[in-house]
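Just below is one structure, and these are the notes that go with it.
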Amino acid sequence: MTRLKINTWTGILDIVNCVLFAASWFVVFGAALDNGSHAADSSGTFFYVMAWIGVILNVIALLQSRRHGISLVGPVLGIIGSALFGFTAAMAFPALVVLIVATVFTMLQHPSKSYVQSHNSNLNNQ
């Protein structure tokens, strides 16, 4: 089984998104209090774009992991975590928790159970 670079980069983006999502409340509230709603809208847009980039990258990682027999837990949790924030910034804390767990599973890159079973049966048949 090979280690995929897309999973490594997805894990890194998930960590970056965790930091961004944690800072997002302070940035958006600070911009809203300082300059009005227009500044809050533009700063909020940046965080939403980052969340949807995370969804897209996790979907790509999911497809590549499936093709190479790597566990899908990390990319699936990454999709859920990024989508939680992508729909509403009010879900920033649950998104943080899910993305931290997703990062751990994505970086581990364990083989899927079906991959292990098929390779064990091939070894037993020889």
Side-chain angles (χ1 to χ4, degrees):
M1 187 194 76
T2 61
R3 294 186 58 84
L4 298 177
K5 288 184 181 182
I6 187 72
N7 281 352
T8 304
W9 286 108
T10 303
I12 291 169
L13 181 70
D14 287 344
I15 293 169
V16 168
N17 277 346
C18 283
V19 172
L20 288 175
F21 296 166
S24 68
W25 285 354
F26 302 109
V27 171
V28 171
F29 287 140
L33 294 174
D34 191 35
N35 296 329
S37 65
H38 177 67
D41 290 341
S42 63
S43 62
T45 303
F46 168 74
F47 295 112
Y48 286 128
V49 167
M50 288 300 293
W52 289 109
I53 289 172
V55 170
I56 292 167
L57 195 59
N58 275 293
V59 167
I60 294 169
L62 175 82
L63 297 174
Q64 291 296 319
S65 294
R66 184 172 184 186
R67 182 182 303 159
H68 289 84
I70 297 172
S71 175
L72 305 178
V73 174
V76 168
L77 289 175
I79 292 168
I80 293 168
S82 295
L84 279 173
F85 189 90
F87 288 121
T88 178
M91 298 296 281
F93 183 72
L96 284 170
V97 174
V98 173
L99 282 176
I100 290 169
V101 175
T103 300
V104 171
F105 280 104
T106 301
M107 293 292 213
L108 288 176
Q109 298 189 36
H110 283 294
S112 64
K113 288 184 181 181
S114 61
Y115 180 86
V116 171
Q117 289 173 351
S118 68
H119 279 69
N120 283 342
S121 67
N122 288 342
L123 292 174
N124 292 336
N125 292 335
Q126 293 179 356

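What you see is a predicted model, and the numbers here were worked out from it, not measured in a lab.
Note on Ile60: it clusters hydrophobically with Val16, by side-chain heavy-atom contacts below 4.5 Å among ILVMFWY residues. A single hydrophobic cluster is not seen to contain both Met91 and Phe85; linkage of ILVMFWY side chains at heavy-atom distances under 4.5 Å, directly or through other members, places them apart. By the criterion of side-chain heavy atoms lying less than 4.5 angstrom apart, applied directly or through intervening Ile, Leu, Val, Met, Phe, Trp or Tyr residues, Leu13 is not grouped with Phe105; the two fall into different hydrophobic clusters. Hydrophobic clustering (side-chain heavy atoms under 4.5 Å, transitive across Ile, Leu, Val, Met, Phe, Trp, Tyr) keeps Ile6 apart from Val59.
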ask   = Run the side-chain contact (heavy atoms from CB on, under 4.5 Å) check on Ile15 and Leu99 step by step: do they pass?
value = CA-CA 7 Å; Ile15 293 169; Leu99 282 176; over 6 Å; no

inquiry  = Test side-chain contact (heavy atoms from CB on, under 4.5 Å) on Gln109 and Leu4; report intermediate values, then the result.
reply    = CA-CA 8 Å; Gln109 298 189 36; Leu4 298 177; 4.1 Å; yes

query = So Tyr48 and Thr45, side-chain contact (heavy atoms from CB on, under 4.5 Å) or not? Walk me through it.
reply = CA-CA 5 Å; Tyr48 286 128; Thr45 303; 5.6 Å; no

Sequence neighbours left out, cut at 3.5 Å: what donor-acceptor pairs do the side chains of residues 20-27 make with other protein atoms?
{"residue": "Ser24", "atom": "OG", "partner": "Phe21", "partner atom": "O", "Å": "2.7"}
{"residue": "Trp25", "atom": "NE1", "partner": "Ala89", "partner atom": "O", "Å": "3.0"}

Sequence neighbours left out, cut at 3.5 Å: what donor-acceptor pairs do the side chains of residues 49-56 make with other protein atoms?
{"residue": "Trp52", "atom": "NE1", "partner": "Gly86", "partner atom": "O", "Å": "3.3"}

Donor-acceptor contacts under 3.5 Å from residues 69-78 side chains, at least two apart:
none

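Taking every heavy atom of both residues into account, Ile100 and Cys18 meet most closely at CG1-SG, 3.8 Å. When all heavy atoms of Gly11 and Thr103 are compared, the closest pair comes out as O-CG2, 3.6 Å. What you find for Arg3 and Met107 is that their closest heavy atoms are NH2-O, 3.0 Å.
How far CG of Asn7 is from CD1 of Ile12: 11.0 Å, rounded to the nearest 0.5 Å. Considering CZ of Phe93 and CG of Leu96, their distance stands at 7.0 Å, rounded to 0.5 Å. The line from CG of Leu62 to CG of Leu57 is 11.5 Å long, rounded to the nearest 0.5 Å.
Within a 6.0 Å sphere centred on CZ of Phe47, heavy atoms belonging to other residues, nucleotides or ligands number more than 12.
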